[in-house]
Amino acid sequence: MTRRTVAEYRRHVAQLLSALDSLPAETVDLDAALGRLLAVDVTAPMDLPQFRNSQMDGYAVDSASIAAVPVELPVLQTVAAGDAGPAAFASGTAVKVMTGAPVPPGADCVVPVEDTTGSGDRVTVERSRSVGEFVREPGTDVRTGERLLRAGVLLAPRHIAVLAAVGVRTVEVRRRPRAAVITTGAELVAAGTALQPGQIYDSNGIALATSLRANGVDVTSVSRSSDDVAEFRELLTAAIEDADVVFTSGGVSMGDFEVVKDALAPLGGEFGHVAMQPGGPQGSTVVDGVPVLSFPGNPVSTLVSFEVFARPLLRRAAGLPDLAGYEVRLVDSLTSVPDRQQFLRGRRVGDTVELVSGPGSHLVAGMALADVLIDIPAEVTALEAGAHVQVQEL
Ligand SMILES: Nc1nc2c(c(=O)[nH]1)N[C@H]1C(S)=C(S)[C@@H](COP(=O)(O)OP(=O)(O)OC[C@H]3O[C@@H](n4cnc5c(N)ncnc54)[C@H](O)[C@@H]3O)O[C@H]1N2
Ligand code: MOO
């Protein structure tokens with residue numbers, strides 16, 4: 001791989017991951033459907049409301065019988081929500097109804113209880129009402145067979161509410177992308193283990209796993225390999241079994257122990273440089289049909305690679321909204337390496353952005369202070385304070 005531009009490598013990765021946009025549908029329980037992408041149109045299996053019912057606690061009457069008020073009417077019955085419905089109704093009478101209770105045929109309006117006096121089997125109506133007032137007619141929200149929700153909707157509580165209202169218990173959603181993570185490096189140990197000289201804690205494994213989960217991906221495994229090619233291959237074989245894509249970190253540059261490159265280049269992996277900083281060394285391979293994206297090991301390089309190359313694609317596959325980008329003004333002046341698109345760590349303050357970290361790709365605490373990446377084009381080598389820059393939200 002020659003030194004590609006960021007745009008070229010983005011296109012390359014988009015092609016490698018294109019299968020993620022057409023993952024098959026699966027059926028999930030409604031209470032597990034939050035945040036999932038609806039795979040099919042859903043039509044209403046019933047009317048909503050299903051039966052005529054009252055919008056108010058009050059009296060169902062015939063509007064003609066209360067044209068002149070006050071008027072006293074006999075109360076035939078009291079009907080609660082959940083009752084099957086009043087036995088009978090005749091003009092000139094009233095049925096006491098609660099909100100949601102069936103309104104008897106023949107009654108054409110409901111008088112709210114506030115507009116009445118009396119109790120028991122007599123009521124005095126103090127205010128006239130016209131036909132239809134406070135009566136919820138069947139099918140006025142949705143009719144049987146009408147489209148309730150369109151395929152492609154990202155299911156939010158309001159969508160789940162209407163599905164529940166028509167008695168739906170399961171729903172067809174697009175399967176989430178599945179990804180595995182493998183970190184590499186003889187120096188890596190898990191938190192909780194005392195560090196021996198030369199060792200560091202593995203932060204990229206959990207950084208990638210949580211980045212994936214935060215963007216609608218199911219993480220199938222997170223494993224850690226030494227610099228041994230056979231060990232890495234074994235972990236990769238297990239990882240690709242149930243993953244749509246594998247992310248690796250480390251072992252891709254120019255050292256003597258580049259386990260990822262050594263394992264994958266013989267399988268057709270492309271390893272080389274993208275004209276960016278951080279995140280220059282990048283690799284991509286397809287192993288048994290599964291794309292493997294190999295990010296450089298420096299913690300900021302790994303995270304920035306994910307943000308730039310993977311995150312927008314994964315969000316699209318999961319139906320999540322695109323990330324916000326803004327044009328803002330720099331608080332500080334800065335310099336940038338020639339011929340490298342630079343992604344600096346910044347924090348937005350109103351319509352300005354301040355630098356929160358030096359450019360070093362080991363500065364993981366600096367990355368934690370950032371809420372945006374400042375995108376400095378490859379041809380730019382210096383910018384004055386106040387210059388306009390493009391930022392991408394993290
Ligand atoms: N001679 C050259 N050396 C380097 C070049 C180069 O072009 N020529 N590129 C540099 C750049 S830029 C980067 S980025 C790194 C990428 O190297 P690798 O991807 O091979 O990564 P490693 O060497 O394995 O690790 C780099 C660095 O990051 C630490 N690391 C790795 N994995 C983790 C992890 N899971 N959690 C926390 N920290 C991790 C590792 O200890 C190293 O310090 O290469 C430069 N060198
Ligand atoms: O590309 Mo490296 O990621 O600059 O540090």
Side-chain angles (χ1 to χ4, degrees), residues 1-6 9-10 180-193 195-212 219 221-229 231-232 235-236 239 246-265 269-285 292-310 335-345 357-368 370 373-376 378:
M1 190 167 75
T2 52
R3 197 180 290 277
R4 301 192 203 191
T5 64
V6 168
Y9 196 64
R10 271 186 172 139
V181 174
I182 309 176
T183 59
T184 67
E187 70 278 28
L188 303 178
V189 295
T193 315
L195 293 177
Q196 301 301 313
Q199 292 185 329
I200 62 166
Y201 291 122
D202 178 356
S203 61
N204 290 347
I206 199 160
L208 281 173
T210 50
S211 298
L212 288 161
V219 177
S221 64
V222 183
S223 53
R224 183 180 310 120
S225 173
S226 71
D227 291 330
D228 179 64
V229 167
E231 183 189 351
F232 175 80
L235 291 172
L236 183 66
V246 178
F247 292 89
T248 71
S249 91
V252 297
S253 63
M254 314 287 282
D256 288 351
F257 310 102
E258 304 295 12
V259 63
V260 174
K261 189 155 87 173
D262 293 347
L264 294 180
E270 295 180 51
F271 289 84
H273 274 82
V274 175
M276 70 188 277
Q277 197 182 47
Q282 295 285 341
S284 65
T285 317
V292 180
L293 286 189
S294 299
F295 294 154
N298 277 310
V300 179
S301 313
T302 294
L303 281 168
V304 168
S305 300
F306 180 85
E307 294 292 327
V308 172
F309 298 118
T335 58
S336 187
V337 208
D339 303 323
R340 299 275 188 287
Q341 187 167 344
Q342 183 149 206
F343 293 93
L344 291 167
R345 279 68 79 195
S357 171
S361 56
H362 60 296
L363 301 172
V364 66
M367 179 82 183
L373 289 178
I374 310 171
D375 184 345
I376 311 291

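Just so we're clear, the structure is a prediction, and the values are computed from it rather than from any experiment. Counting starts at 1 for both ligands and their atoms, following the listed order.
Under a 4.0 Å criterion applied to the non-hydrogen atoms of Asp202, ligand 1 contributes the atoms 34 (C), 35 (N), 36 (N). Close contacts between ligand 1 and Met254 involve ligand atoms 1 (N), 2 (C), 6 (C), 7 (O), 8 (N) [criterion: under 4.0 Å to a heavy atom]. Per-residue contacts place Gly251 under 4.0 angstrom from the following atoms of ligand 1 (heavy atoms of the residue considered): 18 (P), 19 (O), 20 (O), 21 (O), 22 (P), 24 (O). When each atom of ligand 1 is checked for a heavy atom of Pro296 under 4.0 Å away, the hits are 14 (S), 16 (C), 19 (O). Listed by number with element, the atoms of ligand 1 under 4.0 Å from a non-hydrogen atom of Tyr201 are 36 (N), 37 (C). Counting atoms of ligand 1 from 1 in the listed order, those under 4.0 Å from a heavy atom of Ser301 are 14 (S).
Neither the backbone nor the side chain of Val260 has a heavy atom within less than 4.0 Å of ligand 1. Contact annotation: for Glu258 versus ligand 1, heavy atoms closer than 4.0 Å belong to the side chain alone. The side chain of Ile200, and not its backbone, has at least one atom closer than 4.0 Å to an atom of ligand 1 (non-hydrogen atoms only; side chain from C-beta on). With a heavy-atom cut-off of 4.0 Å, Pro278 does not touch ligand 1 at all.
Distances shorter than 4.0 angstrom occur between a heavy atom of His273 and an atom of ligand 1. Contact annotation: Gly255 has no heavy atom less than 4.0 Å from any atom of ligand 1. Close to ligand 1: Ser203, with a non-hydrogen atom less than 4.0 angstrom away. Between Gly185 and ligand 1 there is no heavy-atom distance shorter than 4.0 Å.
Each of Ser249, Pro296, Ser211 was checked for a side-chain contact (heavy atoms from CB on, under 4.5 Å) with Thr302, and the lone residue meeting it is Ser249.
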Give me the pairs of N or O atoms, one from ligand 2 and one from the protein, that sit under 3.5 Å apart.
{"residue": "ligand 2", "atom": "1 (O)", "partner": "Gly279", "partner atom": "N", "Å": "2.7"}
{"residue": "ligand 2", "atom": "1 (O)", "partner": "Gly280", "partner atom": "N", "Å": "2.6"}
{"residue": "ligand 2", "atom": "3 (O)", "partner": "Gly279", "partner atom": "N", "Å": "2.5"}
{"residue": "ligand 2", "atom": "3 (O)", "partner": "Ser301", "partner atom": "OG", "Å": "2.3"}
{"residue": "ligand 2", "atom": "5 (O)", "partner": "Ser301", "partner atom": "OG", "Å": "3.3"}
{"residue": "ligand 2", "atom": "5 (O)", "partner": "Ser361", "partner atom": "OG", "Å": "2.3"}

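Surrounding CD1 of Ile206 are at most 12 heavy atoms belonging to other residues, nucleotides or ligands under 6.0 Å away.
With contacts defined as side-chain heavy-atom distances shorter than 4.5 Å, the pair Val260/Phe271 qualifies. Residues Thr5 and Gln341 have side chains not in contact (no heavy-atom distance under 4.5 Å, counting atoms from C-beta outward).
The aromatic rings of Phe295 and Phe247 sit tilted relative to each other, their planes meeting at an angle between 30° and 60°.
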